[in-house]
Amino acid sequence: MTPKKEKYDFIIIGAGPAGLSAAIYAARRNLSTLVIAKQVGGLMILTHQVENYPGFNEISGYDLMQKFQDQAKRLGVEFEFGEAQKIARQKIGFEILLDSGKKFSGGAVLLAFGLSHRQLNIPGEKELSGKGVTYCATCDGPLYRDKTVAVIGGGNSALDAVLYLSGLAKKVYLLHRTDQFRAESGMLLRARALANVEIRANTQVAEIVGDKKVSGIKIYNSQNPEVKEELDLEGIFIEIGYEPRTAWLKDLVGLNSIGEIIVDNNGNTSVPGSLAAGDCTDVVFKQIVIAAGAGAKAALSAYKYLTSLVR
Ligand code: NDP
């Protein structure tokens with residue numbers, strides 16, 4: 001359903017737990033509310049099984065987010081799919097420009113777009129993204145049955161991917177830039193015991209090679225960069241953590257040294273009428289239920305701000 005208008009009381013950027021909870025709370029306060037997002041659910045839809053959201057013993061991230069969205073829609077929240085690229089402060093409120101060229105204005109705005117996959121930023125990564133370069137083993141793993149793949153990273157995400165892919169792929173390389181792994185030792189032990197897994201520590205990827213799809217990667221030893229090698233493979237899974245993508249907001253709101261949006265206890269940023277909630281903020285605990293609560297709080301703060309304007 002495309003948005004019915006261009007002006008809203010409240011515009012929410014992001015449709016994960018924080019954004020959708022805020023939408024539900026805002027709609028129940030009769031604020032006309034638009035959610036702008038690339039897709040519903042954010043990174044949550046990659047979560048195979050959620051076992052810590054109260055009320056559900058277990059539910060997939062996708063199903064949980066569908067329930068959030070259904071509830072928001074039932075309350076009249078509207079959705080626009082696209083990427084917000086610019087937020088401009090107006091005399092009253094904010095104007096949001098999307099990658100499609102569409103513009104929407106809102107009396108208050110909530111930044112709730114979560115985290116993005118960290119990228120290696122090496123040659124070939126962008127060009128071959130979706131053509132052998134992937135950031136999601138759960139989503140794309142089955143495409144690499146009986147093929148040779150590499151997983152990059154040394155945290156739980158990387159090890160999770162290795163353990164999953166080892167059951168599908170012919171061979172899995174795990175390439176990590178140091179010899180210190182952040183992953184739980186039990187996961188590492190299980191990976192080391194697998195015949196089709198080869199773990200290479202102190203290994204950096206310099207380039208991803210391929211014409212129309214990935215055909216290999218160029219690697220080097222981080223202790224001795226002269227030691228170089230090229231590995232033939234068909235898939236590369238980049239599992240090196242997450243980061244807030246907030247550079248585009250640096251002139252609007254206060255950010256901390258790692259790019260998270262600084263919020264007070266009620267979700268207010270440094271700019272009145274501009275709120276933030278969830279994993280893109282400086283909240284320490286990045287958890288679904290915490291993001292949902294922060295979204296609800298931010299919506300109530302937006303309501304308070306908007307009603308203070310008409311008094
Ligand atoms: P982490 O931040 O834990 O690990 C990121 C890994 O990627 C590190 O080994 C880091 O290396 C490496 N890395 C970062 N940047 C680069 C780069 N530019 N080039 C090469 N390597 C790089 O992220 P995860 O995604 O693994 O985990 C995030 C959170 O999610 C953690 O709290 C984790 O425990 C949790 N999680 C839990 C799971 C589970 O319990 N099953 C599954 C998945 C995630 P270095 O150490 O050198 O910095």
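Order of listing sets the numbers, starting from 1, for every ligand and every atom in it.
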Indicate yes or no for a side-chain donor-acceptor contact from S308 to the backbone of Y305 under 3.5 Å, with no hydrogens or angles considered.
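Side chain of S308 to backbone of Y305, a donor-acceptor pair under 3.5 Å: yes, one is there.
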Honestly, is K5 close enough over Y8, meaning NZ or CZ under 6.0 Å from the six-membered ring centre and within 45° of the axis?
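Yes; both conditions hold, so K5 lies above the ring face of Y8.
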Lys/Arg cation over aromatic Y220: K218, 6.0 Å, 45° cone:
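Judged by the rule, K218 and Y220 form no cation-pi pair.
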[X] N/O to ligand 1 N/O under 3.5 Å:
X: G154; value: yes
X: R182; value: yes
X: S157; value: yes
X: R177; value: yes

Just do the side-chain contact (heavy atoms from CB on, under 4.5 Å) check on L300 and N266 with the steps written out, would you?
CA-CA 8 Å; L300 296 176; N266 294 318; over 6 Å; no
Identify, for [atom], the protein heavy atom at the shortest distance, and state residue, atom and that distance.
atom: atom 14 (C) of ligand 1; value: I240 O, 3.4 Å
atom: atom 42 (C) of ligand 1; value: D160 OD2, 3.6 Å
atom: atom 23 (O) of ligand 1; value: G241 CA, 3.5 Å

Nearest protein heavy atom to [atom]: under 4.0 Å?
atom: atom 18 (N) of ligand 1; answer: yes
atom: atom 29 (C) of ligand 1; answer: no
atom: atom 44 (C) of ligand 1; answer: yes

What's the verdict on salt bridge (Lys or Arg N to Asp or Glu O under 4.0 Å) for E83 and R245, showing C-alpha distance, side-chain angles and the deciding distance?
CA-CA 12 Å; E83 189 170 2; R245 226 160 266 164; over 6 Å; no
Where's the contact between [X] and ligand 1, heavy-atom distance under 4.0 Å: side chain, backbone, both or neither?
X: F181; answer: neither
X: N156; answer: both
X: L120; answer: side chain
X: T178; answer: side chain

Numbering the atoms of ligand 1 from 1, which are under 4.0 Å from a heavy atom of G155?
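Checking each atom against G155, I get 4 (O), 6 (C), 9 (O), 26 (O).
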Full working for side chain to side chain donor-acceptor pair (under 3.5 Å) between D160 and N156:
CA-CA 6 Å; D160 224 20; N156 278 342; over 6 Å; no
Does the pair E184 and L159 meet the rule for a side-chain contact (heavy atoms from CB on, under 4.5 Å), with working shown?
CA-CA 9 Å; E184 288 160 24; L159 266 294; over 6 Å; no
Candidates Y62, Y53, F56 - the one meeting ring-ring contact (aromatic ring centres under 6.0 Å, His included) with F68:
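For F68, the ring-ring contact (aromatic ring centres under 6.0 Å, His included) test succeeds with only one of Y62, Y53, F56, which is Y53.
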Parallel, tilted or perpendicular: which fits the ring planes of Y144 and F237, with parallel below 30° and perpendicular above 60°?
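Judged by the thresholds at 30° and 60°, the geometry between Y144 and F237 is perpendicular.
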Is it true that E229 and R200 make a salt bridge, defined as a side-chain N closer than 4.0 Å to a carboxylate O?
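So E229 pairs with R200 through a salt bridge.
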